[in-house]
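Structure first, then comments.
Reckoned from all heavy atoms, side chains included, excluding hydrogens, waters and symmetry mates. We name chains A, B, ... by the order of the sequence lines, and we start the count at 1 in each one.
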Protein chains: 2
Amino acid sequence: MTTVWHCQGVNPTAAPAGAVRQGSLRELNLALVLGRIAAADRPPSRAALAAETGLTRATVSAVVEDLVAGRLVTEAEPTPRAGAGRPARGLVLAGDGPAGLGLEVNVDYLAACVVDLAGTVRHHAVHRADLRPVSPTDALGRLASIAATARAAADAEGLTLAGAALGVPGLVDDAGRVRLAPNLGWRDVPVPQLLAGHPPLTETVDGVPALVVDNEANLAALGELHAGAGPGSFLHISGEVGIGAGIVLDGALYRGARGWSGEIGHIPVRPDGPPCRCGGRGCLEQYAGQEAILSAAGLAGADLPADTAPTRLAELAGDGEATVRRALREAGTALGVTVASVVNLLDLDTVVLGGGYAALTPWLRPQMLAEIERRVLTAAWAPVTVRPATLGATAAAVGAAGSVVRRIIARPAGWLSRL
Amino acid sequence: MTTVWHCQGVNPTAAPAGAVRQGSLRELNLALVLGRIAAADRPPSRAALAAETGLTRATVSAVVEDLVAGRLVTEAEPTPRAGAGRPARGLVLAGDGPAGLGLEVNVDYLAACVVDLAGTVRHHAVHRADLRPVSPTDALGRLASIAATARAAADAEGLTLAGAALGVPGLVDDAGRVRLAPNLGWRDVPVPQLLAGHPPLTETVDGVPALVVDNEANLAALGELHAGAGPGSFLHISGEVGIGAGIVLDGALYRGARGWSGEIGHIPVRPDGPPCRCGGRGCLEQYAGQEAILSAAGLAGADLPADTAPTRLAELAGDGEATVRRALREAGTALGVTVASVVNLLDLDTVVLGGGYAALTPWLRPQMLAEIERRVLTAAWAPVTVRPATLGATAAAVGAAGSVVRRIIARPAGWLSRL
DNA sequence: TCATTTAATTCAACCACTGAACAAATAGCG
DNA sequence: CGCTATTTGTTCAGTGGTTGAATTAAATGA
């Protein structure tokens, strides 16, 4: 059977809302202990885990035994030295266990990467090509061959791929179908079906779908969640050709009632502003989208590739080009007005500028902060940080791969029972 | 000791993120079974609960025995008739067990109510009075005497108050201090300390604080969550003198990183619009706040009490008053632009109009839906419902009381161990 | 009246956690 | 070098709570 699950599958609720049966106890404690090992900055000992979780040392030992047997955890080799007493044996996530395959289709590149349990990127490949003139079938065919290469690389490193996730710059529905990817020119593309001929991406590993399709901004936010400053709540704004956002609330990606949250690019900044492709008027994209910035910067005709435009803008702004700087200030103001709305609504303490915006942070941030300061009711007591994303250009692919391994960390029992 | 917890205490995470110890199993299953009994529309039998939870009938019987012993559940008297076989004994939430005390301080009234486990309002009192000229100390003193009456009423009905929650139209911090309640004229009011002389509101019942202070819009949203259409995601907009909102995501109130979410009244509609008290420009309150509507309707000098203004507006609009209708259309448009932002961001499927807006729904909704239709990217596939709140004017008080009993339903073990 | 059917309880078995005792491994100190 | 203090990790009897099957309870219908 070749079931491909909907995008909601990326972020399963760790705690079961359903029945708590006998064995759930062990399942929950496996997740708890593994989660602590993953979150620790130094390899923790069994005793330390017991102390911080509240479990008994005996229980932790039993749980860890299961995790080691399942190749999810290994004992750190250079035993971390402590003061007195029997030396602790540090536990780390296994580097040779399951891994995640992350894929990305974007306007001007395809990307694939392999991330191991610890979050280390073990393989990474980017193929630049303008995909707008390419049919979805052909684009996904090329993607499948890149994925096959990545799979081979994983095998070579002794990793077992536990699943894959694909990021797309558009709206994805529950069945993995791309309903609309305006900047790619896709509409109603049944990604799972088109990939059906490429076995490595459509197998089902014991109930867990081999491939999850998701919005690129969501995956980039997930990547930032795990690569950046730990759990918490933040808004991750991806400035690509369009503007998308991933919303992380209390350490979990919020997808919305139907999986279509984060369409920040079409939040109205000026309700009577210029008309937008979406049918509205004065959307944020009209003020801070890549085309809008380039046009305001006098580079509309320069025909820069979408992925180099932000760095070019950053260069020019760094050189003191007044027009470019003004264009970025205006974009920053529009972003600031929009972010102020979001912060008033959600009380977030952090805004992450990702995608093309990351490089432009120094020129966007001042106006953003000024608008936030002016328009957010609680700004005086509740400061908001605006910072660039820590992941690079292909954050979505890394986030996609990360989402696969994070699912294993959140629910290790599934992986263990697979053995 | 007179600890009063912060507002976050209203909505504890049902599933423990921490250690899952031996006894947690029973705790979780108590919550699971009680939750199903509470959510069922007909009194379920033990067998039915076993079937839908996945637990064994034996386990459900044991769990139910605990719940009955703890006065949380009773067997429904008129045994619901089934076809053949031994008749099932229906289980219902006890009407004589714990109850919640809900309190509200608003601009022009004080309210108190008592809600039992089943969510039935068993006592309700509203005292109208303009509280703007009254000092916080005096206002809370009056509130305490109303609360004492409510407590006596609860005793008379055989109910045991398990806690209290107080709704305030302003920003409340973690310590229960009202940082800012602009329409009430309060700033930095330490509610817990001012209530310290009123024992019934400051006792601590085995670690659970006797009183939780929270934003009124949050509590109204909670009330709607439990009185209205079950769990899900929605935005509840409270149109009082100011405009607040409660955000319910996946059946849980979202409070924000610091507890100050939902300040929808200060989302900018037109960034260069008229200046607002908050220091920003063109905030929603400038277009759809009560003063703005009254002034646009030509009733600025009419000096209507704040709580009767909405019904008066509804009457006039119903009579065909063109000016009033136009004012409401304009407010609806502004609300629609703002809600479109929210829906683009969060992908909510329902918007509930509460407070004064409830009565005005017929005149606000068309413009709201039009703006949503035009500006929400996914509106074509993902319809948004705009409906009036089901709770009446004192939704916050009922929601406050409900939040107390919902906490017991979410974590019955705490209540049972108290016995 | 009796077979049928569904509900609820009882009870031995079992699973996973608990707590204490114990073994292992090291540093510090005389 | 040997002893003690100290901390880590394991072993093991004990226990709480769920499991599954058997049993009892209480109705309907032929």
Going by side-chain contact (heavy atoms from CB on, under 4.5 Å), name the residues that satisfy it together with B:Glu65, two or more places apart in sequence or in a different chain.
none

Just the rounded figure in Å: distance from C1' of D:dT24 to CZ of B:Arg89.
13 Å

Please state how far atom CG in A:Leu67 lies from atom P in C:dA16, giving the value in whole angstrom units.
14 Å

Looking only at side-chain N and O atoms, does A:Ser45 come under 4.0 Å of OP1 or OP2 in D:dG9?
yes

Using side-chain heavy atoms (C-beta onward) and a distance below 4.5 Å, is B:Leu30 in contact with B:Leu67?
yes

Any side-chain to backbone donor/acceptor pair from B:Thr56 onto B:Thr59? Under 3.5 Å, distance only.
no

What is the distance, to the nearest angstrom, from the CG atom on B:Leu49 to the P atom on C:dT9?
12 Å

Within a strict 4.5 Å, meaning less than it, do heavy atoms of the A:Leu34 and A:Trp415 side chains meet?
no

Please state how far atom CG in A:Leu416 lies from atom P in C:dA16, giving the value in whole angstrom units.
12 Å

Check the interface with nucleotides 2-6 of chain C: list each N/O to N/O pair with the protein under 3.5 Å, or write none.
unit_1 : atom_1 : unit_2  : atom_2 : d
C:dT6  : O2     : B:Arg86 : N      : 2.7

Between CG of A:Leu28 and C1' of C:dC15 the distance, given in whole Å, is 15 Å

Residues at least two apart in sequence or cross-chain that pass side-chain contact (heavy atoms from CB on, under 4.5 Å) with B:Leu225, listed by chain then number, are B:Leu222, B:Phe234, B:Val248

Side chain proximity check, A:Pro98 to A:Val405, heavy atoms < 4.5 angstrom
no

A:Ala94: which residues meet the side-chain contact (heavy atoms from CB on, under 4.5 Å) condition with it, sequence neighbours left out?
A:Thr74, A:Asp96

For A:Thr53 and A:Leu49, indicate whether the former's side chain and the latter's backbone hold a donor-acceptor pair under 3.5 Å.
yes

Take the protein atom CD of A:Glu75 and the nucleotide atom P of C:dA25, then report the distance between them rounded to whole Å.
12 Å

Report the residues that fulfil salt bridge (Lys or Arg N to Asp or Glu O under 4.0 Å) with A:Arg26, sequence neighbours left out, ordered by chain and then residue number.
A:Asp66

Look for any protein N or O under 3.5 Å of an N or O in nucleotides 12-17 of chain D and output each such pair with its distance, or none.
unit_1 : atom_1 : unit_2  : atom_2 : d
D:dG17 : N2     : A:Gln22 : NE2    : 2.6

Within less than 4.0 Å of OP1 or OP2 of C:dT10, is there a side-chain N or O belonging to B:Arg57?
no

Please determine if a side-chain N or O atom of B:Ser61 lies less than 4.0 Å away from the OP1 or OP2 oxygen of C:dT9.
yes

Could you give the CG-to-P distance, from A:Leu55 to D:dT10, as a whole number of Å?
15 Å

When rounded to whole Å, the CZ to P distance for the pair B:Arg46 and C:dT10 reads 11 Å

